[in-house]
Visitor: 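Below is one structure. I have some questions about it.
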There are 2 protein chains.
Amino acid sequence: MKKAVSTLREVASEAGVSIAAVSKVLHGRGESVRVSSSKASEIRLVAKRLNYVPNVLARSLRTSRTHTIGLVFENFGAISDGPQFYVELLDGVAQELFARHYRLTILSEVDSEHPAADLADGRLDGVIWCKMPTDPHFVERFANVGLPCVALHARRIDSSPGVFYVRCDNRGGSHLVVDHLKKLGHERILFVMEQRETETPDALERRDGFIEACRAQGLTVDPEQDIVVWTRDADEFADWWDLRPPHTALYGWNERVAAGVLARAKELHVNVPKDLSVIGFDSTVFCESTLPPLTAVRQPIRQMASHATRLLLDLINGHVSSQTEQSFASTLDVRQSTAIVPSYRGKTSKQRL
Amino acid sequence: MKKAVSTLREVASEAGVSIAAVSKVLHGRGESVRVSSSKASEIRLVAKRLNYVPNVLARSLRTSRTHTIGLVFENFGAISDGPQFYVELLDGVAQELFARHYRLTILSEVDSEHPAADLADGRLDGVIWCKMPTDPHFVERFANVGLPCVALHARRIDSSPGVFYVRCDNRGGSHLVVDHLKKLGHERILFVMEQRETETPDALERRDGFIEACRAQGLTVDPEQDIVVWTRDADEFADWWDLRPPHTALYGWNERVAAGVLARAKELHVNVPKDLSVIGFDSTVFCESTLPPLTAVRQPIRQMASHATRLLLDLINGHVSSQTEQSFASTLDVRQSTAIVPSYRGKTSKQRL
DNA sequence: ATAATGTGATTAAACCTTTTATCTTATATG
DNA sequence: CATATAAGATAAAAGGTTTAATCACATTAT
C-alpha cells in the first residue's frame, strides 16, 4: 500500500534539492532561500506526485502557531439541553473561524486547578469562554498562562487582566420589555427567574434592569411580589394564577421559562395573549414554534459570537485593542404572545376621541 | 513577568538531571531509563515549581498520536438550522470523547479534492463523519489517507474500504409509524418529503420503508398519490388539504416538516389529531414543545454517537472490528399528535360488544 | 577472580518544519 | 580589471518530546 502522505525530506530527495528549497517553494516566505523558477515547478510536480501534505504538528512546534482556537464551555452538555442559544453561539464562532481557516476545538469543564495543563499545552492559539468561571483563584491561574482570551456572554470580573469581554446589554433588554408592555397598557408585570439559575449574572442583570425600567416608566414594582423563582417547567404557574394576581403580563428571564409558562397556560386554558401577555429573553428559532409564537428579546448572539471571534483573532495577531469590554444592544422580536390589555383597549379608544 | 510554562529541558537543568530522567518520571514508560526514587521526587517538586506543562505538539510529533478526533459535518451551519438532531449527535460524541480524555475538533465542508490536506496533516487520530460524502472519487481519495474513520448516520457506500458505519434503521422506523397508525385505524397515509432533501439517503430509506410497511399491513399505497415533496415550511399543506384528500394521517420524513405541518394546520383550524394525525421522524426535545406535542420516531442518536465514538477509539487503538456496519433500532415516542380515526372509533366500540 | 546481572543515569537520534546564516557563482558597475 | 551586488542554493539550528542505545558502577553468582 502506498504511503498516505510524504514529507518535505522525501520530496526534496526525490527532486534532488534541499529541504529548504522545497519548504520555500511550497509555503515559504523565507527571505534568503532562493529557487529558480524551473526548479520550483519541478518541486511542485514532485510534491503533487508524492502526495505531500505539510505536517501541521511540526510546523506549529516550530512557529508556535496552531491556527486553532478553543471554545470553552462550562458544561458542554448544556448545549443539547434546550436553549438554542448556545447552538447559535457555537455556530457563530465556527462560521467566523472557518472563514478564516482557523480550526475549532471544543473544551468542557476545564480543570480549574490546572488550567494550564488544559489550555497552555501548545495546541491553542487562544480561547473563547462561554460563561467564564468567576472563581478569582482560577481566573488568576488562567491569566498566568498568558493565552489570548475573550469571554463571550460572561460576567465581567474585576481582577481579570488581559481578558476581553463581549456581552449583551441585559439591562437594556429589560427596558425594551417594560417599554413594550407599558405601551400595550400593562401596569403590573411579573418577572420569573429560574430555580437553578438564580445566581446567573445574566438573570440578575435582567432582574435589576426590570426593576429599574419599571421605575423609569412609573410602574409599580415590588421585589417581594413581582419577582418569583420558578422551576424550568413553570409548574408553579397554576398556583400563582389561582391567586388572581394583579399582573397582566409575565416576563420570563429566558426563553425556556417563558415557553414553560406558555405550556402551563395552555393546560389551564389561560388565553395568551388575551388573558396574559408573556415575554421572554433570547429570541431563537425556538420561539417561532411555540404557540403562540413568543415575543422575546433578541441578543444578537451570532453577531456577538462573530465579534468575539474576530477580536480574539486580532489579539492573537498582535492587534491589541484598548477597549476591554464591548456590549451589544438587544432588540425586541414582537410575536404573538403579547397584546394590549383588555381594559386598556377601552381606554385608548376613548382617548383617541 | 514569570514565564507561563516551562519545558523538560528547563526542569532537567534546574534539577540537575538529564531530560530523559525528567520525561521518565513525569510521564514515561521508557524501559531503559531509570531514576532513583529520591531524584524522582526532587524532579516532581521542581516540575511543579517551574509550572511544567508538557507540550503536546512536540509529543504528538514524536509519537504520532494527538488524542484528538475530528467530527466532520457536511455543512456545520445546519446545526443551528433546526433539527435538534445534530446537536444531540454532537453532544453524544463530545461526552464520550471527554470521558476518555480525547479532544474534539470540528470540521466543516472538507475540501473534496484534497481531503488529505484537511485530514491527514497530523492533527487527528481519526474522524467521525456525519453524512459522509457519497462521491466515490472523494471516498477513494479519503480512503488513501488511511485515517481511522467511522461514518455516523451516513449511507453505506459500496466501495469504501476501511470505513465503519453506524446507522439507524430507517426502514424499521417507517414500519413503526405505519403499524402505529394502522392500530389507530388509519387506512391511508401521506408521506411528506422535503424539497431540498429528496436525495438524502435517510429520506429515501424512510420512504421505501413506508411503502414496504403499508404493503405489509395491507394498506393502499400509491407512490404517485401518497408521497409528496413539500417545502420545509409545508406551505403546500393548505392546497393539499383543500382537495379533501383521502388521507387521515400524515407522516413527515423529519421533525421539521412535521412541525411545519402542525403550524399550517393550526392556521387553517385543522384540528390535530382529531381531523388529522401527524407523525414525524427524529424525536428530539423540539417535539415536546410543539402543539400538540409531536408523535415521532426516535433514533437513539446519543447511543449511536457514543457507539460510533467508542468504535473509532477502538480502531485507533488497533482493535479492529470485523463488523463494518451496525444498525440501531428506532423506537416510537407516542405523543399527542396522533389519535384514533373518528370513523374507526365507532367501529371499535361496536367491535368491543 | 571473572562473568553475569541489576541499578541509576546519560546521550543522541528521530519526529518534520521554518528560517537564519553561509556559500558559490554569475552579472553588473565603476 | 576589480569589486560590489544579486541569484541560486544548501547547511544547520531550533522547537520539545520520546525512547533506544549506551555507559558506569555495584552487587551477586560462578
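A, B, ... follow the sequence lines: proteins, then strands. Residue 1 opens every chain.
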Visitor: What pairs of residues pass the ring-ring contact (aromatic ring centres under 6.0 Å, His included) test when at least one of them lies in residues 93-112 of chain A, not counting sequence neighbours?
Guide: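 Sorted pair list: His67(A)-Tyr102(A).
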Visitor: Quickly work out the Leu8(B) CG to dA9(C) P distance and round it to whole Å.
Guide: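 Going from Leu8(B) (CG) to dA9(C) (P), I get 17 Å.
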Visitor: Sequence neighbours left out, what passes side chain to side chain contact (heavy atoms under 4.5 Å, CB included) with Ser60(A)? Give chain and number order.
Guide: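 Per chain and number, Ser60(A) pairs via side chain to side chain contact (heavy atoms under 4.5 Å, CB included) with Thr66(A), Leu57(B).
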Visitor: Tell me which pairs pass ring-ring contact (aromatic ring centres under 6.0 Å, His included) where either residue lies in residues 103-124 of chain B, with sequence neighbours left out.
Guide: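 Output for this query is empty, none listed.
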Visitor: If a protein heavy atom is under 4.0 Å from the base, mark B; if only from the sugar-phosphate, S; if neither, -; do that for nucleotides 3-9 of chain D going 5' to 3'.
Guide: -----BB
Visitor: Specify the residue among Ile19(A) and Gly28(B) whose closest nucleotide of DNA chain D lies further upstream toward the 5′ end.
Guide: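 Closer to the 5' end of DNA chain D: Ile19(A).
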Visitor: Using the side-chain hydrogen bond (donor to acceptor under 3.5 Å, both in side chains) criterion, which residues pair with Glu42(A)? Sequence neighbours excluded.
Guide: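 Glu42(A): no side-chain hydrogen bond (donor to acceptor under 3.5 Å, both in side chains) contacts found.
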Visitor: Pairs in or reaching into residues 41-62 of chain A: which pass ring-ring contact (aromatic ring centres under 6.0 Å, His included), with residues at least two apart or in two chains?
Guide: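 ring-ring contact (aromatic ring centres under 6.0 Å, His included) check on residues 41-62 of chain A returns His27(A)-Tyr52(A).
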Visitor: Let me know which of Leu152(B), Leu312(B), Val150(B), Val166(B) forms a side chain to side chain contact (heavy atoms under 4.5 Å, CB included) with His307(B).
Guide: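 Between His307(B) and the candidates, side chain to side chain contact (heavy atoms under 4.5 Å, CB included) is satisfied uniquely by Val166(B).
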Visitor: Please compare Gly16(B) and Thr63(B) by the position of their nearest nucleotide in DNA chain C and report the one closer to 5'.
Guide: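 Whichever sits nearer the 5' end wins; that is Gly16(B).
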Visitor: Could you tell me the separation between the CD atom of Glu42(B) and the P atom of dG8(C), rounded to a whole number of Å?
Guide: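 It works out to 17 Å between those atoms.
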Visitor: Nearest whole Å is fine: how far is dT17(D) P from Leu26(B) CG?
Guide: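 Taking atom P of dT17(D) as the reference, CG of Leu26(B) is at 10 Å.
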Visitor: Nearest whole Å is fine: how far is dG16(D) C1' from Asp121(A) CG?
Guide: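 Between C1' of dG16(D) and CG of Asp121(A): 13 Å.
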